[in-house]
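Step one of this worksheet: look at the structure below.
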Protein chains: 2
Amino acid sequence: MFSSDNTRDRVLNAALELFAERGYFTTSVHDIARLAGISIGSIYHHFGDKEGIAQSLVSLLTTHMEGLIRSGAAGHGSAHDRAHGVVARLFQFAEQEPRAMDFMLTARHREFLPSAPPVCASRPFQMMREIVAEGMETGEIERMDVMIAASCLFGGPLRLIATRIDGLLDRPLPETLDEVWPLAWRSVAR
Amino acid sequence: MFSSDNTRDRVLNAALELFAERGYFTTSVHDIARLAGISIGSIYHHFGDKEGIAQSLVSLLTTHMEGLIRSGAAGHGSAHDRAHGVVARLFQFAEQEPRAMDFMLTARHREFLPSAPPVCASRPFQMMREIVAEGMETGEIERMDVMIAASCLFGGPLRLIATRIDGLLDRPLPETLDEVWPLAWRSVAR
DNA sequence: GTCTATATCATGATAGAC
DNA sequence: GTCTATCATGATATAGAC
């Protein structure tokens, strides 16, 4: 996920792997140090404390997901196409980097980052709601509570991602897009 | 949630509150003992170890949710009505016992119960998929991958529950049912 | 069955050499 | 900036009286 091989990135890669696989609390800083091939001292030098590692991880991944969503929506005029593009990117990303997706979608950040907002309140989720709101403006999407519409439009695809990450879906997500998307869309389409 | 005031139930109530609020790992057995008004020794006498508390909790709540889903579906002939009844019960329950719902839906059980299956694989989720499969048999639901259809039918409502629990939805869930359900249903209806 | 007091141990974090 | 060695804390779990 983090490709340059400097110390920070090696630590972040190791941490992401362990946090996603076992969880934050069942991973010790020693474990991270061992997997990254970096000493504990160096880790504390760079990140201050264990929370600092998670902090960096969440921050970088949130930014990455923002970019993903922005680029998925970019270049499309209609809310339909923008939302479709977003789901396509999410499916791709979940398939390429399942641990990153898992850590972003299902880890309970509040438990280890006291000041973290709930996932639903993070920028990426806000952006999805904005697309829905735009769709209501243009008349593509039925007018209603935006929170409800967004839950219905993206809830199915997100649940499918969770299912895939849990190993209960055999097919790669992008392959299912043409099946899932029409269902998701027609739930809110006007 | 657990109403009789014997030692076991008092411990389980305290544990549920703390696990849902702060998380399993940020809750010590001392915390549970203090909140329950029970000594540590008694807790270990009844549950063996900390994991045993979580084990009991998950087991009891899973059974409870199974009953909920069964009773939501009961007495209805069509898949439409059965699924509708299930969502209605889930909304009710999430509103009455948000911590129990939170602990069941969003806690990562694997992290503290090594042998626990992913939530999606648990009986309650299986039962939802069965309703979807039946709906395909009767022709109410479009034929397709059951996992995909179930994700789309229940994904929206489940996401709305998460949104509500996270405090991002002002209205009580049951009040939104008549808005959400038609959207969810028409995503898979034939 | 319930309690208090205690043992044990892992982990987060630091010190200080290089 | 990186490392090893060490500390300090606090949590799980147990012993054993009542």
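Bear in mind that the values here come from a model prediction, so they are computed numbers and not experimental data. Every heavy atom of this structure was used, including side-chain atoms; hydrogens, water molecules and symmetry mates were not. In what follows, every chain begins at residue 1, and chains take the letters A, B, ... in the order their sequences are listed.
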Check whether any side-chain nitrogen or oxygen of [X] sits under 4.0 Å from OP1 or OP2 of [N], and answer yes or no.
| X | N | answer |
| --- | --- | --- |
| Ser42(A) | dC3(D) | yes |
| His45(A) | dT2(D) | no |
| Thr7(A) | dG1(D) | no |
| His30(A) | dT11(C) | no |
| Ser39(B) | dT4(C) | no |

Check Asp102(A) with Arg99(A), please: is the shortest side-chain N to carboxylate O separation under 4.0 Å?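 Salt bridge: no.
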Can you tell me the distance, in whole Å, between the [atom1] atom of [X] and the [atom2] atom of [N]?
| X | N | atom1 | atom2 | result |
| --- | --- | --- | --- | --- |
| Glu51(A) | dG12(C) | CD | P | 12 Å |
| Arg34(A) | dA10(C) | CZ | P | 12 Å |
| Tyr44(A) | dA13(C) | OH | C1' | 5 Å |
| Phe47(A) | dG12(C) | CZ | P | 15 Å |
| Asp31(A) | dA10(C) | CG | C1' | 11 Å |
| Phe25(A) | dA11(D) | CZ | P | 12 Å |
| Arg10(B) | dG1(C) | CZ | P | 15 Å |
| Ile40(B) | dG10(D) | CD1 | C1' | 12 Å |

Ring centroids only, cut at 6.0 angstrom: are His80(A) and Trp185(A) within range, meaning strictly under it?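 Yes, ring centres under 6.0 Å apart.
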Does Ser28(B) reach a base, just sugar-phosphate, or nothing at all? Heavy atoms under 4.0 Å.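 Sugar-phosphate contact only.
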Under 4.0 Å between any heavy atoms, over every strand shown, what does Thr26(B) touch: base, sugar-phosphate, or nothing? Just pick one.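 No contact.
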Name the orientation class of the two ring planes belonging to Phe103(B) and His109(B) (parallel below 30°, tilted from 30 to 60°, perpendicular beyond 60°).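 Ring orientation of Phe103(B) relative to His109(B): tilted.
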Just checking, Lys50(B) and Tyr24(B): is the charged tip under 6.0 Å from the six-membered ring centre and within 45° of the axis?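 Output yes; distance and angle both within limits.
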Can you list, pair by pair, the side-chain donor-acceptor contacts under 3.5 Å of residues 36-46 of chain A, counting residues two or more places apart and other chains?
residue	atom	partner	partner atom	Å
Ser39(A)	OG	Ser42(A)	N	3.2

Upstream residue (5' side of DNA chain D) when Gly41(A) and Lys50(B) are each assigned their closest nucleotide: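 Result: Gly41(A).
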